[in-house]
Amino acid sequence: MPELLDSADPGRRDRHLGQMQNPSEMPKAEGEVPHAELPLSRERKDQPLLLCQRVSKWYGPVLGVNQVTLELRSGITGLVGANGAGKSTLMRLITGHLRPDLGQVSIFGIDAWSAQAKRLVGYCPDVDAFYEEMSGWQFVEAMARLCGYSRTESRRRTEAVLHRVGMANRSDRRIRGYSKGMRQRIKLAQALLHDPALLVLDEPLSGIDPVGRAELVALFLELAEQGKCLLVSSHELEELEKLTDHVAIMARGRIAAVDTVARIRDRLADHPLTVRIDLRKNGGPLANGQSYRHHRDLAAQLLAEVPEVCGVEIVDSPHPLVGRLLVRARQAERFFVELNRLVLDECYEVIHLETLDSSTQAVLGYLLRK
Amino acid sequence: MATTAATSSVQEGSTLSAFLALIWISWKRQARARQMVWIALGLLVFSLVAVYLQTARDRWGMHHWRWPRGRDPKALTYLEAVNRLPLVLAVVQPNAPGQAVQHAVFGATRTILSPEARVSLPSTTDQPRYGDRLACSAFQVFSQAVVFSIFLTFLLPLWSLSFGTEALGGDRENQSLLWLLSRPIPRPLIYLAKFLALLPWCIGFNLGGFALICLMAGTPGRLALQLYWPAVALATLTFAALFLLIGAYFRRPAVIAIVYSFCLEVVLGNMPGYPKRVSVGFYARSLMYERAEDFGIQPDRPSVFLPVDGQTASLVLIGAALLLVGLGMWMFSRTQYHEVE
């Protein structure tokens with residue numbers, strides 16, 4: 001589905017660059033972590049902050065990420081996909097925990113695997129592992145010390161980020177006694193410590209109550225306004241749409257679409273898709289005396305009554321009692337509404353329905369679910 | 001969200017500070033007793049109790065040994081009997097030539113058996129006389145039974161692996177290695193910091209445990225501590241480097257390290273000829289044999305054991321530790337930890 005893979009809109013990219021050029025003019029919030037002087041040479045300003053170039057990653061024989069190309073400059077980008085779609089692998093590649101088998105991941109042109117690149121990246125992982133014996137304060141301070149700050153500077157930054165994530169009053173308790181939401185906030189605090197240009201947040205809102213979510217969403221928006229680049233993953237498009245309308249949809253290791261949700265919808269409308277429908281040939285009688293209808297009738301009705309259908313093919317089914325149709329259609333949303341109506345009104349017994357293009361299916365899955 | 005007063009100037013983190021902080025944090029985190037460390041402590045207590053009981057019963061030395069084993073007289077009882085025999089034989093064998101022959105036989109027997117004769121009579125063979133052995137037998141028995149058989153073969157590797165495999169293996173197991181790999185510290189330095197944080201615990205526990213066991217044994221133990229501590233320290237250094245590497249490379253480091261310690265070290269360490277030279281224990285033993293040579297400590301069969309000299313043993317142990325650390329740094333800088341998330 002290559003036509004869905006266009007990058008973000010050019011206007012958005014320009015806005016981000018404009019914001020990056022005058023970081024000193026941005027208003028500073030109280031208690032904000034001081035901005036590290038990023039080594040932004042002229043060449044670096046022209047470079048994308050994050051650049052994944054045809055990145056592939058195998059886990060043995062399993063392909064985790066397949067030829068992914070992604071370019072981010074600033075603002076918030078949502079990364080959605082089902083479990084196993086490759087979101088976490090992509091994030092681990094971006095944060096330098098994994099190395100691509102093919103392709104390259106760079107942060108401002110620096111290899112993401114290097115320690116130098118990690119100064120530019122803050123990572124809030126999905127994994128729920130801490131130094132459990134420490135308090136929230138001790139953990140965040142330890143992370144600050146591991147960034148190479150002096151003891152005084154570490155304390156100052158720790159205090160600032162804990163305030164920022166709303167944990168200042170609860171940071172003296174041991175982490176093992178924290179709720180899921182508090183642990184999420186601590187993870188977020190350590191990611192903000194060194195004021196990174198790129199924040200990679202893996203399911204940052206999971207386990208957080210609605211009030212906390214609203215606070216963190218406000219924080220993410222504030223960070224984006226400051227010119228930071230945020231890559232936020234989630235299972236739910238609806239959740240991400242509160243943060244951003246710019247999403248990358250992943251399916252089976254590939255990025256199926258990158259753009260605003262509206263643009264993806266528009267492109268999808270023109271994109272033909274193939275749907276396989278299996279129906280029982282001799283369905284049993286219904287309560288009203290009628291019986292289920294034959295799959296050939298559905299093929300005829302689809303061609304005659306549904307304008308979105310471009311063609312129908314009746315193919316052999318491995319089971320003698322099952323009839324199989326391959327339907328080519330445009331305007332996926334409208335097509336599925338019409339198909340639904342026909343199946344219910346005209347008594348077809350559908351036993352299997354599948355979109356044969358996995359990328360399209362993934363995109364549809366997210367767009368239609370909403 | 002709450003906010004506080006504005007901050008001052010920006011400070012860039014330094015790699016050296018991060019490295020030192022990592023050593024300090026790792027050292028503190030090693031203090032948390034885990035299962036293997038509890039096992040190590042348990043073994044230490046068990047060893048101390050066993051050594052204390054032996055010491056309390058005055059069981060070091062060969063004076064209580066019987067030959068044939070378990071049935072016939074002890075060496076000293078036999079010596080007393082030999083001392084009494086001439087008086088009896090003077091009565092039953094009155095002729096002078098016969099008595100002369102018997103005196104010669106009994107005199108030679110006393111020379112061999114008597115501890116007091118050790119200094120006055122020069123040894124005529126390479127093998128030490130029984131009397132010599134009896135004189136310093138407490139040290140020899142302690143060395144063979146405790147130092148070589150239990151401490152060097154069993155306790156030293158086990159204690160080393162308790163800490164060594166936990167240093168990185170523990171972080172991998174509970175997935176907290178993720179936090180170190182997210183920080184801007186070069187990976188080789190993370191590995192080196194872990195090793196440096198591990199060393200005080202390993203050396204402290206091994207040398208401290210060895211010292212406690214030795215002191216519990218009294219005089220022979222004190223002599224053993226004085227002679228053997230350099231070998232214990234150097235073997236600990238090498239074992240620590242080896243087990244840290246195993247922790248960085250294998251998913252079940254404790255199992256691999258135990259298999260290595262009790263299969264490869266023991267099997268290779270007891271093989272004739274040169275194969276044993278790949279085991280850490282061989283060099284530690286060689287160093288110990290050289291330092292305790294004056295006290296009659298030597299391999300059972302020197303021509304089979306083929307020990308190296310002490311200087312070579314020390315150099316090999318230090319060199320192996322450096323090599324293993326270097327290899328670990330290189331490997332760690334390239335390894336991707338898939339289980340970390």
Side-chain angles (χ1 to χ4, degrees), chain A residues 28-37 59 88 91-92 95-99 113-123 125-133 139 142-150 153-154 156-157 159-160 163-166 168-169 190-191 194-195 202 215-216 218-219, chain B residues 1-34 170-194 197 332-341:
Chain A
K28 273 191 177 177
E30 280 186 88
E32 190 179 322
V33 175
H35 289 283
E37 291 297 332
Y59 294 107
S88 291
M91 288 191 147
R92 276 184 257 167
T95 52
H97 288 90
L98 294 178
R99 257 182 164 160
W113 178 262
S114 69
Q116 201 186 351
K118 284 176 183 139
R119 289 205 182 277
L120 304 170
V121 182
Y123 183 33
D126 190 27
V127 66
D128 198 35
F130 289 91
Y131 296 164
E132 300 280 345
E133 75 279 6
F139 177 76
M143 292 299 111
R145 300 279 287 136
L146 294 179
C147 286
Y149 298 120
S150 66
E153 179 71 9
S154 296
R156 198 158 58 83
R157 284 176 180 264
E159 190 177 353
H163 270 98
R164 203 159 191 191
V165 300
N169 301 326
Q190 65 77 33
H194 52 301
D195 189 36
D202 200 352
E215 287 176 353
L216 290 184
L219 172 62
Chain B
M1 293 211 185
T3 54
T4 56
T7 51
S8 62
S9 64
V10 172
Q11 185 188 333
E12 186 72 28
S14 105
T15 303
L16 179 63
S17 300
F19 174 67
L20 296 175
L22 178 55
I23 294 175
W24 174 240
I25 290 167
S26 301
W27 183 83
K28 282 198 296 185
R29 296 200 77 226
Q30 284 272 184
R32 292 165 308 127
R34 305 250 182 112
D171 280 350
R172 287 180 68 184
E173 206 169 308
N174 62 28
Q175 298 189 313
S176 59
L177 185 60
L178 164 79
W179 303 116
L180 301 186
L181 299 179
S182 303
R183 300 296 118 188
I185 310 174
R187 281 181 168 227
L189 290 187
I190 294 178
Y191 188 90
L192 184 61
K194 282 282 178 185
F332 189 74
S333 69
R334 303 173 64 84
T335 305
Q336 303 171 70
Y337 292 99
H338 296 289
E339 78 281 9
V340 161
E341 283 180 64

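Hydrogens, waters and symmetry mates play no part in the numbers below; they use all other heavy atoms, side chains included. Throughout, a chain's letter reflects where its sequence line sits, starting with A, and its residues are numbered from 1. Everything numeric in this text was worked out from a predicted model, so none of it was measured.
Of the atoms belonging to B/Ile25, it is side-chain heavy atoms, and not backbone ones, that fall under 4.5 Å from chain A.
Here the shortest heavy-atom pairing between A/Cys147 and B/Ala18 reads C-CB, 4.2 Å. Considering all non-hydrogen atoms of both residues, B/Gln175 and A/Val127 come closest at OE1-CG2, 2.8 Å. Taking every heavy atom of both residues into account, B/Pro186 and A/Ala115 meet most closely at N-CB, 3.6 Å.
To the nearest 0.5 Å, atoms CZ (A/Phe139) and CH2 (B/Trp179) are separated by 4.5 Å. Residue B/Ser182 holds its OG atom at 8.5 Å from NE2 of A/His194, rounded to the nearest 0.5 Å. Separating the CG atom in B/Leu177 from the NE2 atom in A/His97 is a distance of 8.0 Å, to the nearest 0.5 Å. Rounding to the nearest 0.5 Å places CG of A/Leu146 at 8.5 Å from CD1 of B/Ile190. Of the inter-residue distances, the one linking B/Lys28 atom NZ with A/Glu133 atom CD reads 9.5 Å to the nearest 0.5 angstrom. A/Arg145 CZ to B/Arg183 CZ: the interatomic distance, rounded to the nearest 0.5 Å, is 13.5 Å.
Listed by chain and number, the residues in a ring-ring contact (aromatic ring centres under 6.0 Å, His included) with B/Trp27 are B/Trp24, B/Trp201 (sequence neighbours excluded).
Not a single donor-acceptor pair under 3.5 Å links the side chain of A/Trp113 to the backbone N or O of B/Arg334. The backbone N or O of B/Gly13 sits less than 3.5 Å from a side-chain atom of A/Arg119, completing a donor-acceptor pair.
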